[in-house]
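Encoded as structure tokens, the structure appears first; notes follow it.
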Amino acid sequence: MTSPDALDDSQLADSEIPAGADPFVLFAQWLAEAQESEINDPNAMALATATPDGAPSVRMVLLKGHGAEEGNDYGVIGGGFTFFTNAGSRKGGEIRANMQASLLFHWKSLRRQVRIDGPLHEVSPERADAYFHSRPYKSQVGSAASDQSRPLDTRQNYIDRVKAIWKEHEEAGKVPRPGEWTGFTLSPRRIEFWRDRDNRLHDRRLFTLTGAGDALGWSDTLLYP
């Protein structure tokens, strides 16, 4: 058994997650570092949703917008984290029925995690249009051809749809956004930053949104690992 005297200063040092930080600024810093170190998709995040009776499900999606001003143009107060999806999917159905969700970022190369909880708000049609048409043409085609999460008889049926939509809209160079393809912004009420430390003496700080109106702001506290 290791004696407490064997623990070095790095294991016993104070929290490396600053008290009083703006969690959106801190998140942006961590994401920028992940973009330098993660091999694939540093903006990948687990999105957890639930049915109204509490049955959960989770999947990976990509973060496409974040910050203290995110979503202000379509009624989000306090900033947020935005992703896009087909609302006809399982996740979309659960979101429509229960507009609450959780996000988890795990950057293995940095040994860091960020957990975010809060209500969801649908993006404006203009925002959905702008992002959909910023994607590569082949991605627009693939999305338009997919009845996401619904049963598929054979993969060839999907490929045939892809080819037909590609041909139909190739001259225009863009595909009309499908009606069910949209985005959602999670407006955080809790953001937890986690850093790995040796011997599982991990570093955790929870930021919680408090107040209302002009008094809206963040409080924070350390958590036991």
Side-chain angles (χ1 to χ4, degrees), residues 15-34 38 41-85 87 89-108 110-123 127 182-196 202-213 215-225:
S15 173
E16 295 180 3
I17 304 171
D22 180 329
F24 284 112
V25 173
L26 183 57
F27 175 83
Q29 292 170 350
W30 281 27
L31 178 60
E33 291 179 40
E38 294 293 310
D41 297 328
N43 62 328
M45 58 188 184
L47 166 67
T49 57
T51 62
D53 58 355
S57 62
V58 66
R59 77 290 291 159
M60 302 301 294
V61 298
L62 297 178
L63 177 71
K64 293 298 180 180
H66 62 92
E69 307 300 321
E70 181 71 17
N72 285 1
D73 57 330
Y74 43 91
V76 178
I77 304 300
F81 299 82
T82 299
F83 62 93
F84 293 86
T85 188
S89 64
R90 177 181 174 182
K91 78 171 92 56
E94 291 177 358
I95 288 170
R96 297 277 198 216
N98 178 16
M99 297 284 284
Q100 298 281 334
S102 291
L103 306 174
L104 171 64
F105 293 85
H106 176 220
W107 296 305
K108 189 173 182 179
L110 296 174
R111 305 179 74 85
R112 294 176 180 173
Q113 296 183 78
V114 181
R115 298 170 62 190
I116 307 168
D117 306 322
L120 293 164
H121 305 265
E122 187 165 358
V123 306
R127 175 76 184 275
T182 186
F184 296 93
T185 298
L186 186 148
S187 182
R189 297 298 181 265
R190 295 161 53 96
I191 305 178
E192 180 191 324
F193 293 83
W194 180 100
R195 291 181 65 120
D196 176 84
H202 304 314
D203 192 1
R204 296 173 65 186
R205 187 176 293 277
L206 173 65
F207 293 81
T208 304
L209 190 65
T210 59
L216 193 68
W218 294 94
S219 63
D220 65 88
T221 184
L222 289 175
L223 300 177
Y224 278 99

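Remember, it's a predicted structure, so these values are computed and weren't measured experimentally. Heads up: numbering here begins at 1 and tracks the sequence.
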Q | Donor-acceptor side-chain pairing of K91 and T85 below 3.5 angstrom | A |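 Short answer, yes.
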
Give, for atom [atom1] of [X] and atom [atom2] of [Y], the distance between the pair rounded to the nearest 0.5 Å.
X: T49; Y: M99; atom1: OG1; atom2: CE; result: 11.5 Å
X: T185; Y: H121; atom1: OG1; atom2: NE2; result: 8.0 Å
X: F105; Y: R115; atom1: CZ; atom2: CZ; result: 13.5 Å
X: L31; Y: E38; atom1: CG; atom2: CD; result: 10.0 Å
X: R195; Y: E16; atom1: CZ; atom2: CD; result: 4.5 Å
X: M45; Y: I116; atom1: CE; atom2: CD1; result: 7.5 Å

Q. Above 12 or not: heavy atoms from other molecules or residues under 6.0 Å from CZ of R204?
A.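 Atom CZ in R204 is crowded, with more than 12 foreign heavy atoms closer than 6.0 Å.
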
All N/O donor-acceptor pairs, side-chain side in residues 215-225, below 3.5 Å, sequence neighbours left out:
residue	atom	partner	partner atom	Å
S219	OG	T208	O	3.4
D220	OD1	R205	NH1	2.8
D220	OD2	G20	N	3.0

Q: State whether the side chain of S57 and the backbone N or O of A48 hold a donor-acceptor pair below 3.5 Å, judged by distance alone.
A: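 Flag not set: sc S57 to bb A48 has no pair under 3.5 Å.
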
Q) Counting N and O atoms only, with roles assigned by atom type, does the side chain of D117 sit under 3.5 Å from a partner on the main chain of R190, one being a donor and the other an acceptor? A)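 Flag not set: sc D117 to bb R190 has no pair under 3.5 Å.
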
Q) Excluding sequence neighbours, so at least two apart, what forms side chain to side chain contact (heavy atoms under 4.5 Å, CB included) with N43? A)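 N43: side chain to side chain contact (heavy atoms under 4.5 Å, CB included) contacts with D41, L62, L63, K64.
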
Applying salt bridge (Lys or Arg N to Asp or Glu O under 4.0 Å), can you list everything that pairs with [X], at least two apart in sequence or on another chain?
X: R189; answer: none
X: E94; answer: R59, R90
X: E122; answer: R96
X: D196; answer: R111

Minimum heavy-atom separation for [X] and [Y], please, with both atom names.
X: H66; Y: A28; answer: CE1-CB, 4.0 Å
X: G79; Y: N72; answer: N-OD1, 4.4 Å
X: L186; Y: A101; answer: CD1-O, 3.4 Å
X: P188; Y: G80; answer: CD-CA, 3.8 Å

Q) Which word best sums up how the rings of W194 and H202 line up, parallel for under 30°, tilted for 30 to 60°, or perpendicular for over 60°? A)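 Tilted: the ring planes of W194 and H202 meet at 30° to 60°.
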
Q: If the plane angle is over 60° it's perpendicular, under 30° parallel, otherwise tilted; pick one for F184 and F83.
A: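 F184 vs F83 ring planes: tilted.
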
Q: Show your working on side-chain contact (heavy atoms from CB on, under 4.5 Å) between L206 and F193 and close with a plain yes or no.
A: CA-CA 6 Å; L206 173 65; F193 293 83; over 6 Å; no

Q) Within 45° of the ring axis of W30 and under 6.0 Å from its six-membered ring centre, is that where the NZ or CZ of R112 lies? A)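 Yes, R112 and W30 form such a contact.
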
Kindly indicate whether the side chain of [X], heavy atoms from C-beta on, has any atom under 4.5 Å from the side chain of [Y].
X: N98; Y: T51; answer: no
X: V58; Y: L47; answer: no
X: R127; Y: Y74; answer: yes

Q: Would you please test V114 and L104 for side-chain contact (heavy atoms from CB on, under 4.5 Å) and show each step?
A: CA-CA 6 Å; V114 181; L104 171 64; over 6 Å; no

Q: Show your working on ring pair (Phe, Tyr, Trp, His ring centres under 6.0 Å) between F27 and F81 and close with a plain yes or no.
A: CA-CA 11 Å; F27 175 83; F81 299 82; 5.0 Å; yes

